[in-house]
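What follows is a single structure, written as structure tokens, with notes after it.
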Amino acid sequence: MTDNIVEKQLFTSFKAVERLLLGPGPTTIHPRVLQALSQPTLGHLDPDVIRMMDEIKAMLRIAFDTKNEHTFLVSAPGSIGMECSFVNLVEAGDKVVICTNGYFGDRMKQVAERAGAEVIAVTSKWGKPIDPQDLEAALKNHVDTKIVGFVSSETSTGVRNDTKALCAVAKANGCLTIVDAVTTLGAIEFHVDDWQVDVAYSCSQKGLGSVPGLSPITFSEAAIDKIKRRTKPVSSWFLDINNVWPYWGSFEKRAYHHTAPVNSFYAVHESLVMLMEEGMEVSWSRHTENHRYFAMKMQEIGMEFFVAEAYRLPQLNTVVLKAGMDDAALRKRLLLEFGIEVGAGLGAGFGKLWRIGLMGYGSNKENIDRLMKALGEVL
Ligand SMILES: *Cc1c(COP(=O)(O)O)cnc(C)c1O
């Protein structure tokens with residue numbers, strides 16, 4: 001009895017404070033998206049929800065620039081988009097080349113291995129892009145390779161890998177391609193069909209600027225064909241596209257697969273509507289322009305970028321901490337005194353780099369000015 005009274009005093013509603021999120025994701029969310037999220041929950045088979053899901057598919061096809069029928073949301077974060085790609089495409093013993101030049105490429109390698117692949121790694125230094133000639137050489141050494149996977153925007157380093165060139169090499173060598181577009185979608189140019197990407201996955205909370213927890217994904221006909229020809233079923237029941245597609249597929253035959261997080265669907269729908277209103281090209285150039293503005297401001301205070309301009313990501317800026325800058329203490333001050341979150345370095349970059357995300361709704365001049373003003377005070 002007394003215990004219950006104590007508990008009632010201890011727990012009160014959670015109140016999230018306003019923060020400016022300028023890390024590697026989630027990014028600050030537009031009020032329109034938060035408003036969409038807080039609408040009444042509908043059943044996951046409600047005809048209105050099904051109509052909305054069809055619009056999500058249509059808008060994702062525009063965002064990915066693809067005609068792929070199998071384009072939908074995995075009900076889980078970007079990491080599960082990665083799992084979903086590999087568990088569906090890889091059969092035990094398949095030879096898979098993973099190009100890796102950072103934390104997420106390394107993760108992809110592990111995911112491919114756990115899906116049963118025999119993995120050949122093609123590596124490049126952190127901070128440098130993958131050389132398509134290195135991929136070519138690996139594929140010539142391993143002519144039985146079935147799949148090539150890599151990360152288009154390596155969020156751990158801020159490096160842009162050349163998706164078009166890497167996919168061209170993979171396809172010329174008879175491979176399917178799996179491309180991580182988690183930090184790419186909506187922020188920089190990306191063309192699934194033109195660039196010969198067979199499977200691409202992303203997330204809701206970076207370039208799309210929505211709430212975390214969903215993973216847009218798209219499968220080409222060639223990818224679906226490999227899945228159809230599997231001799232053993234996909235090891236994950238939940239992620240098996242044969243199981244989930246009846247939920248996302250045709251309008252008439254919609255069938256229960258899992259209880260979809262419909263409020264999060266509303267939020268992604270709204271962020272996609274906003275992206276469509278802005279236009280893909282305009283969104284890409286906004287990210288580039290704001291990056292240039294930010295780079296100019298950083299130069300003014302003598303901060304350097306980790307990555308050379310030619311393959312630098314505009315939406316994820318890795319800046320090198322100067323001698324004497326106390327990483328953790330400075331980030332703490334930015335957060336607690338100025339309400340601004342910037343990202344710490346990841347893996348080998350920890351303590352040496354900051355990762356400053358200017359993505360989605362967060363990519364604008366006001367945010368940069370606010371950050372520069374705060375930096376001016378803490379440095
Ligand atoms: C963020 C990120 C992921 C993981 O996405 P989550 O939504 O955090 O699960 C995967 N790959 C890359 C390149 C990322 O930046």
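Side-chain atoms are counted along with the backbone in the values below, which use heavy atoms only and exclude waters and symmetry mates. Counting starts at 1 for both ligands and their atoms, following the listed order.
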Query raised in the report: With distance as the sole test, does R230 use its side chain to make a donor-acceptor pair with the main-chain N or O of N88 at under 3.5 Å?
Result: yes
Query - Heavy-atom closest contact (D134 atom, T123 atom, distance) - result: OD2-O, 4.3 Å
Query raised in the report: Would you find more than 12 non-hydrogen atoms of other residues, nucleotides or ligands less than 6.0 Å from R292 atom CZ?
Result: no
Query raised in the report: Only one of F238, W248, F72 clears ring pair (Phe, Tyr, Trp, His ring centres under 6.0 Å) with H257; which?
Result: F238
Close N/O pairs between ligand 1 and protein, under 3.5 Å:
{"residue": "ligand 1", "atom": "7 (O)", "partner": "G78", "partner atom": "N", "Å": "2.9"}
{"residue": "ligand 1", "atom": "7 (O)", "partner": "Q205", "partner atom": "NE2", "Å": "2.8"}
{"residue": "ligand 1", "atom": "9 (O)", "partner": "G78", "partner atom": "N", "Å": "3.3"}
{"residue": "ligand 1", "atom": "9 (O)", "partner": "S79", "partner atom": "N", "Å": "2.8"}
{"residue": "ligand 1", "atom": "9 (O)", "partner": "S79", "partner atom": "OG", "Å": "2.5"}
{"residue": "ligand 1", "atom": "11 (N)", "partner": "D180", "partner atom": "OD2", "Å": "2.8"}
{"residue": "ligand 1", "atom": "15 (O)", "partner": "T155", "partner atom": "OG1", "Å": "2.3"}
{"residue": "ligand 1", "atom": "15 (O)", "partner": "T183", "partner atom": "OG1", "Å": "2.9"}
{"residue": "ligand 1", "atom": "15 (O)", "partner": "K206", "partner atom": "NZ", "Å": "2.6"}

Query - R114, CZ: over 12 other non-hydrogen atoms inside 6.0 angstrom - result: no
Query raised in the report: With side chains defined as the heavy atoms from C-beta onward, is the minimum distance between F150 and V97 less than 4.5 Å?
Result: no
